[in-house]
Amino acid sequence: MVVAGVCGKVRAKVIRTIRKRSARTFCGLPLIDVAIGPDPEKGEMRGRARGIIAIGDIAQGWLAIGGMARGGLAIGGLAVGVITLGGVGVGVLSFAGLSFGLLAFGGLAIGGVAVGGGAIGYAAIGGGALGYYAMGGGAWGKYVISAMEQSREAVDFFLRGMPFLPW
């Protein structure tokens with residue numbers, strides 16, 4: 001039980017524990033596993049979910065949703081997997097505030113192809129872009145497209161990869 005004070009009054013707030021696991025399994029994992037809140041049986045402070053679809057404080061599964069998520073499609077504050085969405089994401093295809101991946105999209109994106117406010121990668125596109133090929137308001141690299149400079153090699157590279165660009 002957590003005790004919180006509100007305007008001089010003391011109010012008790014009960015932290016609920018949710019634990020649901022499907023009886024059906026696939027490859028030895030439950031189809032759905034939900035674990036939220038403390039686990040009094042195991043003495044763990046956070047619910048750990050492991051299943052095909054895992055939802056919990058710490059989730060691991062083909063589809064993982066939670067504070068810390070790891071899996072094929074991981075959605076969470078810290079997400080690690082093939083495709084990630086979250087505050088911090090590490091994956092092949094990553095969409096996150098701080099994103100690391102082969103294809104990285106986010107506030108700060110770091111990867112092979114990086115697109116974001118700040119982008120660092122082989123091909124980087126962003127407000128501030130650092131890469132071998134870089135395009136942005138401020139771009140630094142071997143071949144760049146920026147407010148100050150447009151190299152022919154960078155224009156050719158980005159036109160081949162993104163023919164929908166407006167030039």
Side-chain angles (χ1 to χ4, degrees), residues 2 13-144 157-158 160-162 164-165:
V2 173
K13 178 181 175 187
V14 177
I15 299 174
R16 293 197 55 200
T17 298
I18 300 171
R19 183 69 179 157
K20 303 286 183 187
R21 180 177 281 165
S22 69
R24 292 183 183 242
T25 63
F26 182 72
C27 296
L29 293 172
L31 291 180
I32 299 173
D33 189 10
V34 178
I36 299 171
D39 188 348
E41 293 173 6
K42 295 182 181 177
E44 296 175 347
M45 291 305 294
R46 297 184 188 170
R48 295 178 186 267
R50 188 166 185 258
I52 303 300
I53 299 172
I55 302 169
D57 299 328
I58 300 171
Q60 178 180 350
W62 292 1
L63 169 60
I65 302 170
M68 291 191 288
R70 183 174 70 184
L73 174 57
I75 303 168
L78 171 61
V80 178
V82 178
I83 300 172
T84 64
L85 295 101
V88 176
V90 179
V92 176
L93 177 59
S94 182
F95 301 90
L98 174 57
S99 180
F100 301 92
L102 186 60
L103 298 170
F105 301 87
L108 175 58
I110 302 170
V113 175
V115 179
I120 302 170
Y122 178 76
I125 302 170
L130 173 63
Y132 191 75
Y133 292 99
M135 178 169 59
W140 301 271
K142 175 84 172 165
Y143 303 110
V144 300
F157 174 81
F158 285 112
R160 274 193 317 271
M162 295 174 247
F164 52 84
L165 289 174

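In this text the structure is predicted, and so the values were computed from the model without any measurement.
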Side chain proximity check, F105 to V113, heavy atoms < 4.5 angstrom |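 No. Closest side-chain heavy atoms not under 4.5 Å.
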
Measure across [X] and [Y] and return the closest heavy-atom pair with its distance rounded to 0.1 Å.
X	Y	answer
A134	G131	CB-N, 3.9 Å
G89	A96	N-CB, 3.4 Å
A119	A114	CB-O, 3.5 Å
A64	A59	CB-O, 3.7 Å
A129	A124	CB-O, 3.6 Å
A104	I110	CB-O, 3.6 Å

Check whether any side-chain N or O of D33 sits under 3.5 Å from a backbone N or O of A49 as a donor-acceptor pair, and report yes or no.
->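 Between the backbone of A49 and the side chain of D33 there is no qualifying donor-acceptor contact (under 3.5 Å).
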
Which residues pass the side-chain contact (heavy atoms from CB on, under 4.5 Å) test with [X], sequence neighbours left out?
X	value
I75	L63, I65, L73, L85
L98	V88, F100, L108
L130	I120, W140

In chain order, what residues pass the side-chain hydrogen bond (donor to acceptor under 3.5 Å, both in side chains) check against T84, with sequence neighbours excluded?
->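 Applying side-chain hydrogen bond (donor to acceptor under 3.5 Å, both in side chains) to T84 gives S94.
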
Distance from L78 atom CG to M68 atom CE, nearest 0.5 Å?
->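 Taking CG in L78 and CE in M68, the distance rounds to 7.0 Å.
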
How many angstroms lie between CG in L93 and CD1 in I83, if you round to the nearest 0.5 Å?
->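 So the CG of L93 and the CD1 of I83 are separated by 5.5 Å.
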
Give me each pair satisfying side chain to side chain donor-acceptor pair (under 3.5 Å) with a member in [range], each pair once, sequence neighbours excluded.
range	value
residues 108-117	none
residues 122-137	none
residues 69-79	Q60-R70
residues 100-109	none

Inter- and intrachain pairs under ring-ring contact (aromatic ring centres under 6.0 Å, His included), touching residues 49-76, at least two apart =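 Those involving residues 49-76 are F26-W62.
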
